[in-house]
Amino acid sequence: MEERLGQDPTNLIKVVLFGPESTGKTTLSKELAEHYQTEWVPEYAREYLQDKWDREHKTCEPKDLVPIAYGQMKLENELAKSANKILICDTDLLETKVYSEAYYLGSCDPVLEKYALQNTYDLYLLTYIDTPWEADDLRDKPNERERMFTYFKETLEKYHRNFIILKGDKTSRLSTAIKHIDKLLHNMIDLSPKDLEQLESKGISKEKVARQIETFKEGIPFVDLVKAAVVSNGILRFSDQEQEELIQYFENSRGNLDLLKFVPASGAASRMFKAMFNFVDSYDPSKESLSAYIERTGDSDVKKFTEQMPKLPFYDLIMGRIKGKAANKDEEAYLFVKEMLMEDGLNYGFYPKGLLPFHQYDSGSATPFEEHLKEAALYAKTDGKANLHFTVSEQHDEMFAEEESKVAPKISKSTDTEFAISYSNQKPSTDTIAVDMENQPFKNSDGSILFRPGGHGALIENLNDQDADIIFIKNIDNVVIDKNLEAVANSKKMLAGVLKMVQDRAFTYAKQLEEGGISPEAADQIKAFLEKDLNVRMPKNYNELSVDEQLSILKDRINRPIRICGMVKNEGEPGGGPFWIKDGEGYISLQIIESAQIDMSNEEQADLLKNSTHFNPVDLVCGVRNYKGEKYNLLDFVDEKQGFITGKTQEGKELKALELPGLWNGAMAFWNTIFVEVPLVTFNPVKTVNDLLKPTHQA
């Protein structure tokens with residue numbers, strides 16, 4: 001029954017007329033259908049409610065909304081079969097959801113809401129209230145049009161729908177609508193029934209594919225850096241006493257909080273051993289000495305590795321396995337690397353990074369997976385239980401399960417902690433389409449469309465499936481040895497204290513805005529809080545707006561997920577950094593930006609990067625619930641224009657690939673953001689195997 005509210009697969013462009021009653025939607029629907037010689041979907045509610053009025057002399061009631069929704073989608077799916085490229089819809093389920101919330105129930109039926117948000121359309125035409133009111137049997141709220149227009153507009157913005165506002169007389173409205181629909185037609189891609197089946201099997205909508213191809217055509221502009229975030233302007237620095245107070249604030253609340261540690265762990269170790277794979281391929285100990293090889297190639301990575309091998313956590317293990325096989329020290333180094341990497345050896349080159357031995361203790365070696373359990377026991381535990389979620393590659397599922405069964409009981413006993421560990425894989429629906437050099441879908445030799453993994457930004461969907469009051473995020477390879485655990489835990493608690501403190505105030509203000517009756521003084525107080533504490537920048541014309549428009553902006557800005565991001569002083573390590581940036585609409589916000597997003601040919605922009613003081617260690621503490629305890633849909637806060645386009649080859653042919661906005665970059669672009677300086681001891685990533693030789697990884 002429920003699926004009857006869904007859309008049948010189609011290659012049509014779908015346009016929705018959206019807005020308050022008596023704003024010319026039906027008239028324009030008919031005109032657009034006539035212009036494009038296609039079908040238009042009438043508003044089923046009119047037929048349903050006219051019949052009800054004739055029979056009972058009653059207008060719409062809450063109990064009518066779901067039957068109306070079923071009738072509307074049946075009508076849309078039927079007319080889609082005979083439409084010509086475009087289907088004009090006089091309404092959709094999102095409009096029904098608006099009326100349910102604003103007119104009748106103050107809420108929406110869960111099933112209706114699910115499909116209102118799941119069904120997709122290419123363009124919404126939001127009709128303004130500058131048309132005369134025309135009364136009929138079913139229209140009963142002429143004084144509500146202004147309030148309802150604001151509600152409709154906020155809904156489209158909240159769910160990031162593609163929309164334009166239509167104002168003026170019928171002729172100008174029609175002309176504006178045609179201009180925007182023609183643009184959609186220009187970008188329309190021709191998908192065969194086989195292509196549509198492939199999309200459906202991956203859970204990818206044709207609208208998403210169309211948006212991605214439009215991104216290829218338009219290109220992704222470089223970000224516009226305004227200035228680097230620094231201490232006192234974008235980055236907070238706390239004294240020792242202030243840190244202790246923040247830690248205590250978190251500790252005081254901890255017993256009432258759902259806590260979760262979220263660890264992106266799908267990275268393979270192959271890149272970590274890139275230099276060593278090259279060494280195995282290039283070096284022959286029977287033909288030259290190791291020193292001659294290093295001098296010939298200038299390979300400083302191999303030099304460092306071979307000189308300091310005894311410091312590696314797996315040194316004794318490998319030496320035991322190759323004992324007696326080498327004729328000299330040079331061959332021993334070669335066999336060591338080969339045993340470390342190859343499939344007939346330890347096969348570390350094909351391991352998930354999270355399951356490699358990183359640290360050597362007297363009691364044995366420890367993997368990053370094990371070290372993350374130790375951390376969780378210190379700062380992500382409530383009432384003796386710690387929840388962890390790891391995103392892993394599907395081919396490594398069993399390996400992680402085996403590691404959990406081996407180490408979790410041990411760490412559970414030593415920390416007096418019960419661990420609840422869950423896993424997820426990157427979703428096929430987050431793969432992105434590849435295109436040829438003409439921006440057409442790239443086809444494999446079997447005729448199927450080529451899709452590629454969307455990068456770590458795809459994990460925003462995995463994060464969106466989690467729910468907790470506070471979510472701690474840190475990469476799998478950023479772990480510390482036991483003696484530094486307390487410092488790391490205190491830093492995390494301090495960040496959680498910042499989140500809890502600012503969240504408590506934000507929730508108070510969000511509730512006030514929801515309840516209404518805000519005085520000018522209270523509105524100014526909320527605005528000051530947003531600007532000073534949450535780094536929100538208001539539109540330039542904010543002071544010229546009406547009181548209702550200002551309150552609408554405040555309500556939108558405060559009802560967003562919050563991320564507290566640790567930042568470390570720049571010590572020359574690669575990585576994204578904290579910047580104030582300006583988007584295409586002139587809005588300024590605080591963002592984590594990667595160097596690839598910056599136009600390095602622009603001297604001014606390059607200087608801003610070069611002179612920045614801090615960078616991002618991927619150390620986040622996130623609040624993903626609103627003041628009512630409801631989880632935000634995190635996909636509503638992604639900036640799709642912060643991805644990356646790269647050149648690749650497949651089957652000898654050139655193509656363009658799209659990487660999704662990074663998890664802590666564009667995927668969180670519309671979150672409220674606070675940057676806090678954290679100690680360097682919290683940042684110990686292992687990007688190459690030689691990083692394991694650093695003092696911070698020597699137990």
Side-chain angles (χ1 to χ4, degrees), residues 1-8 14-23 25-26 29 41-49 52 59-77 87-129 138-141 144-165 205 207 464 510 513-514 552 555-556 559-560 626 628 630-637:
M1 183 77 173
E2 177 184 318
E3 61 272 11
R4 284 169 43 200
L5 289 175
Q7 294 169 311
D8 292 341
K14 290 188 176 182
V15 178
V16 183
L17 277 295
F18 200 75
E21 56 188 14
S22 192
T23 53
K25 297 192 296 294
T26 301
S29 294
V41 184
E43 190 177 9
Y44 177 75
R46 297 198 66 80
E47 175 188 335
Y48 178 97
L49 294 174
K52 176 174 179 169
T59 55
C60 188
E61 297 174 282
K63 66 180 182 180
D64 298 317
L65 296 176
V66 171
I68 286 172
Y70 280 119
Q72 189 65 46
M73 290 314 301
K74 181 181 179 183
L75 200 55
E76 179 181 318
N77 287 327
L87 183 67
I88 308 298
C89 303
D90 195 8
T91 187
D92 75 336
L93 299 192
L94 190 59
E95 183 155 323
T96 309
K97 169 177 156 65
V98 167
Y99 277 109
S100 177
E101 294 170 345
Y103 267 10
Y104 302 111
L105 298 171
S107 61
C108 183
D109 177 276
V111 174
L112 172 55
E113 181 171 48
K114 173 185 174 182
Y115 285 94
L117 301 182
Q118 182 174 301
N119 290 348
T120 56
Y121 299 85
D122 299 276
L123 179 64
Y124 283 81
L125 303 175
L126 176 57
T127 49
Y128 193 57
I129 54 174
L138 306 178
R139 292 172 178 163
D140 59 350
K141 293 182 172 64
E144 292 283 334
R145 289 204 301 167
E146 184 171 353
R147 180 180 75 88
M148 287 304 298
F149 177 82
T150 300
Y151 201 106
F152 276 111
K153 182 172 178 288
E154 288 176 351
T155 298
L156 293 174
E157 291 171 339
K158 178 179 180 180
Y159 298 113
H160 299 288
R161 297 297 197 257
N162 180 31
F163 77 95
I164 60 167
I165 298 174
S205 68
E207 290 80 12
N464 195 41
L513 286 165
E514 186 72 28
S552 175
K555 190 174 178 181
D556 169 72
N559 284 293
R560 298 190 180 198
N626 65 17
K628 299 175 184 176
E630 303 162 336
K631 194 187 75 63
Y632 291 108
N633 178 14
L634 303 185
L635 307 184
D636 294 335
F637 302 92

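Since the model is a prediction, treat every value here as computed from it, not as a measurement.
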Point to revise | Aromatic plane relationship, Tyr44 with Tyr48 - under 30° parallel, 30 to 60° tilted, over 60° perpendicular | key: tilted
Review point. Considering all heavy atoms of both residues, which atom of Cys108 and which atom of Ser100 are nearest to each other, and what is their separation?
Key: CA-OG, 3.6 Å
Check your understanding: Quick one: are Pro42 and Leu75 in side-chain contact, heavy atoms under 4.5 Å?
Key -> yes
Point to revise | Nearest-0.5 Å distance, NZ of residue Lys114 to CG of residue Leu112 | key: 12.0 Å
Point to revise | Distance, nearest 0.5 Å, that separates CG of Leu17 from OG of Ser29 | key: 3.5 Å
Check your understanding: Going by heavy atoms in the side chains, are Tyr99 and Met148 under 4.5 Å from each other?
Key -> yes
Study note, to complete from the structure: side chain to side chain contact (heavy atoms under 4.5 Å, CB included) filter on Asn559, not counting sequence neighbours, yields Ala510, Lys555, Tyr627, Tyr632
Review point. Under the 3.5 angstrom rule, does the side chain of Lys158 hit a backbone N or O of Asp556 as a donor-acceptor pair?
Key: no
**Study point:** Those residues that, when tested against Ser552, pass side chain to side chain contact (heavy atoms under 4.5 Å, CB included) (two or more places apart)
**Key:** Thr150, Glu154
Revision key, fill the gap. Residues Thr127 and Pro20: closest non-hydrogen pair is O-CD, 3.8 Å
Point to revise | Separation of Arg161 CZ from Phe18 CZ (nearest 0.5 Å) | key: 8.5 Å
Review point. Is the backbone N or O of Gly19 less than 3.5 Å from a side-chain atom of Lys25, with the two atoms forming a donor-acceptor pair by type?
Key: yes
Review point. Taking C-beta and beyond as the side chain, do Tyr115 and Gln7 meet within less than 4.5 Å on heavy atoms?
Key: no
Check your understanding: Going from CG on Asp109 to OG1 on Thr96, what distance comes out if it is rounded to the nearest 0.5 angstrom?
Key -> 11.5 Å
Check your understanding: So, does Asp122 use its side chain to make a donor-acceptor pair with the main chain of Lys14 at under 3.5 Å?
Key -> yes
**Study point:** Verdict with supporting geometry, Leu87 and Val15, side chain to side chain contact (heavy atoms under 4.5 Å, CB included)
**Key:** CA-CA 6 Å; Leu87 183 67; Val15 178; over 6 Å; no
Practice item. Decide yes or no for Leu123 and Val16: does some side-chain heavy atom of the first lie under 4.5 Å from some side-chain heavy atom of the second? Key: no
Check your understanding: Do Leu5 and Tyr70 have side-chain heavy atoms sitting under 4.5 Å apart?
Key -> yes
Study note, to complete from the structure: CD1 of Ile165 to CG of Leu125, rounded to nearest 0.5 Å, is 11.5 Å
Check your understanding: Could you state the interatomic distance from CD (Glu47) to CD1 (Ile68), rounded to the nearest 0.5 Å?
Key -> 11.0 Å
**Study point:** 4.5 Å side-chain heavy-atom contact, Lys97 and Leu94
**Key:** yes
Practice item. Assess whether atom NZ of Lys153 is packed by more than 12 heavy atoms of other residues, nucleotides or ligands within 6.0 Å. Key: no
Check your understanding: Can you name the side chain to side chain contact (heavy atoms under 4.5 Å, CB included) partners of Thr91, sequence neighbours left out?
Key -> Glu43, Gln72, Glu95
Check your understanding: Side chains of Cys89 and Val41: does their closest heavy-atom pair fall under 4.5 Å?
Key -> yes
Point to revise | Student check: side-chain heavy atoms of Asp92 and Asn119 closer than 4.5 Å | key: no
